[in-house]
Structures are given as structure tokens and as C-alpha cells.
Amino acid sequence: MAKKHWLMKSEPDVYSLDHLLKDKTTWWEGVRNYQARNFMMKEMSVGDEVLFYHSNAEPPGVAGLAQITRAAEPDALQFQKSSEYFDPKAKKDQPVWYCVQVGGAKKFKNFISLEDLRRHKDLQDMLVLKRGQRLSIQPVTKKDFDLIKKLGGL
DNA sequence: GCCAACGTTGGC
DNA sequence: GCCAACGTTGGC
């Protein structure tokens with residue numbers, strides 16, 4: 001199957017690209033939105049490429065790249081009562097939430113801010129630029145991915 | 001800290 | 001199934 005391209009948001013105060021560089025891989029736990037979950041469960045495969053986006057940051061923008069390193073598995077946090085991501089609807093034999101494993105982080109030489117994206121005439125169709133777009137996992141075209149990778153200096 | 005935009009919940 | 005109320009996201 002052809003490689004797909006994604007943008008995944010994370011708040012750097014919670015989990016930044018630098019965290020991923022140190023951890024090497026991480027399970028993308030805590031996604032509690034059905035559309036984002038469905039992308040992970042049904043659309044993502046190992047080797048897909050990711051723009052690692054810092055949201056709620058100063059400034060917000062793409063910090064670097066990552067890759068999908070494992071296909072979706074049940075999100076362990078949905079079963080943990082103590083977790084803020086606990087979901088009483090979820091049963092071990094019928095999980096509700098899934099997450100993929102992300103790794104292979106590479107940091108951009110140039111951080112590409114949201115403002116940079118907004119200014120670039122060839123990136124105007126990106127979902128992340130759409131008003132009110134809150135989805136934390138978004139598909140990205142190969143064309144946009146390649147351009148941003150280049151702008152980032154990789 | 002504000003608030004627009006969106007998703008979810010729950011009463012009916 | 002509608003929709004008001006509420007909660008969350010995330011830029012600013």
C-alpha cells in the first residue's frame with residue numbers, strides 16, 4: 001500500500017518532538033475523538049510519514065517529522081481508572097479507543113510556524129489552516145508534506 | 001485568559 | 001431524531 005502522510009498535533013508542554021527524539025518511539029495514547037481514532041485504526045500503516053505539529057505553543061507549528069512504527073492497538077489508558085483518559089464504556093474484549101506507535105523523529109532545521117504555513121501560497125488547502133479545525137490527526141497530501149519537509153530543511 | 005468553532009451528551 | 005447545553009480545542 002502506498003505511503004500516506006499525516007499531521008499529528010501535540011502540545012509541547014505535554015509531549016514535544018524532543019520528547020519523542022529521546023524516547024525513540026511512543027504510543028499515541030489519549031486520542032478521544034472518533035474521527036482521529038478512525039484515521040489511526042483504518043487508514044494508518046507502518047511507514048506512513050508524519051508532520052509533528054506543536055499546538056497550544058508559542059509559536060504553534062511543525063517542529064519536525066516522524067513515522068508510524070506500529071499499527072493501531074487498543075489504548076491502554078481507556079482501562080485505567082486513575083487515568084484522565086479512562087472510559088467506562090470500554091471493555092478489554094471490546095475496546096473503544098486505539099492508538100498507533102510513532103517513532104523515527106527528525107527535528108527540522110527550521111521550525112515551520114503556523115504563520116509560515118498560512119503565508120505560503122502553495123499550502124492554502126491544508127486542513128490545519130481551516131478555521132475551527134480542531135482535529136488532532138489530519139491527512140496531508142504528499143505534495144504539501146514534501147514541500148514542508150523541504151522548508152524545514154530536511 | 002478569552003472565545004469561536006466544533007463535538008458530545010442527554011432530555012424530550 | 002432534534003437541539004440546547006455543555007465541554008474541549010487551540011489560536012490569539
Side-chain angles (χ1 to χ4, degrees), chain A residues 4-23 26-44 48-68 72-103 105-141 143-145 147-154:
Chain A
K4 294 200 179 88
H5 301 81
W6 306 95
L7 179 146
M8 297 174 85
K9 297 180 187 172
S10 185
E11 304 193 19
D13 291 348
V14 178
Y15 198 86
S16 69
L17 180 68
D18 286 337
H19 284 112
L20 182 56
L21 281 166
K22 200 166 54 172
D23 291 349
T26 191
W27 288 96
W28 207 256
E29 294 171 316
V31 171
R32 295 294 179 268
N33 169 283
Y34 287 102
Q35 215 180 332
R37 179 204 70 175
N38 290 343
F39 282 139
M40 290 197 285
M41 277 179 78
K42 300 177 178 169
E43 302 285 338
M44 283 182 171
D48 281 7
E49 304 205 63
V50 174
L51 299 172
F52 197 110
Y53 182 90
H54 283 172
S55 62
N56 254 321
E58 188 48 55
V62 181
L65 305 181
Q67 291 191 338
I68 306 305
E73 292 188 11
D75 181 337
L77 300 182
Q78 68 194 307
F79 306 120
Q80 291 174 17
K81 271 225 163 76
S82 59
S83 169
E84 62 174 313
Y85 297 112
F86 175 71
D87 188 337
K89 295 192 301 293
K91 300 285 167 269
K92 287 268 172 157
D93 56 350
Q94 252 187 315
V96 178
W97 303 108
Y98 284 75
C99 55
V100 293
Q101 190 194 60
V102 176
K106 286 186 206 153
K107 193 170 186 167
F108 278 172
K109 293 191 181 69
N110 322 306
F111 181 89
I112 305 300
S113 70
L114 179 60
E115 198 193 343
D116 294 334
L117 299 176
R118 203 159 258 147
R119 262 202 312 254
H120 199 108
K121 64 177 171 42
D122 295 333
L123 297 173
Q124 293 310 301
D125 291 335
M126 289 191 77
L127 287 177
V128 75
L129 301 184
K130 290 236 162 64
R131 225 156 78 94
Q133 179 53 263
R134 300 183 309 175
L135 198 56
S136 66
I137 297 177
Q138 307 178 356
V140 173
T141 65
K143 178 175 75 67
D144 290 349
F145 181 92
L147 175 55
I148 293 166
K149 180 176 174 179
K150 198 174 81 183
L151 295 172
L154 292 180

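Bear in mind that the values here come from a model prediction, so they are computed numbers and not experimental data. Side-chain atoms are counted along with the backbone in the values below, which use heavy atoms only and exclude waters and symmetry mates.
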- Query: Does the pair Lys143(A) and Asp122(A) meet the rule for a salt bridge (charged side-chain N to carboxylate O under 4.0 Å, His left out), with working shown?
  - Reply: CA-CA 9 Å; Lys143(A) 178 175 75 67; Asp122(A) 295 333; 6.0 Å; no
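For the residue pair Leu20(A) and Phe52(A), the shortest heavy atom distance occurs at CD2-CE1, 3.9 Å. The minimum heavy-atom distance linking Leu21(A) with Ala105(A) is given by the pair CD2-O, 3.4 Å.
One atom, CG of Leu117(A), and another, P of dC12(C), lie 11 Å apart when rounded to the nearest Å. Glu58(A) has its CD atom 16 Å from the P atom of dG1(B), to the nearest Å. Rounded to a whole Å, the CG atom of Asn33(A) is 14 Å from the C1' atom of dA5(B). The separation between Leu135(A) atom CG and dA4(B) atom P is 22 Å, rounded to whole Å. For the pair Arg134(A) CZ and dC6(C) C1', the interatomic distance rounds to 12 Å; values are reported in whole Å. Distance CD (Gln133(A)) to C1' (dC12(C)): 18 Å, rounded to an integer number of Å. In this structure, the OH atom of Tyr34(A) is 9 Å from the C1' atom of dT8(B), given to the nearest Å. The distance from atom CZ of Arg131(A) to atom P of dA5(B) is 4 Å, rounded to the nearest whole Å.
When distances are taken from the side chain of Lys9(A) to each of dG11(C), dG10(C), dC6(B), the shortest belongs to dG10(C).
Residues Asn56(A) and Gln35(A) each lie close to DNA chain B; by heavy-atom proximity, the contact nearer the 5' end of the strand is made by Asn56(A).
Aromatic pair Tyr34(A)/Trp97(A): centroids less than 6.0 angstrom apart.
Among the protein residues, Arg118(A) comes within range of the sugar-phosphate backbone only, with heavy atoms under 4.0 Å from sugar or phosphate atoms but none that close to a base.
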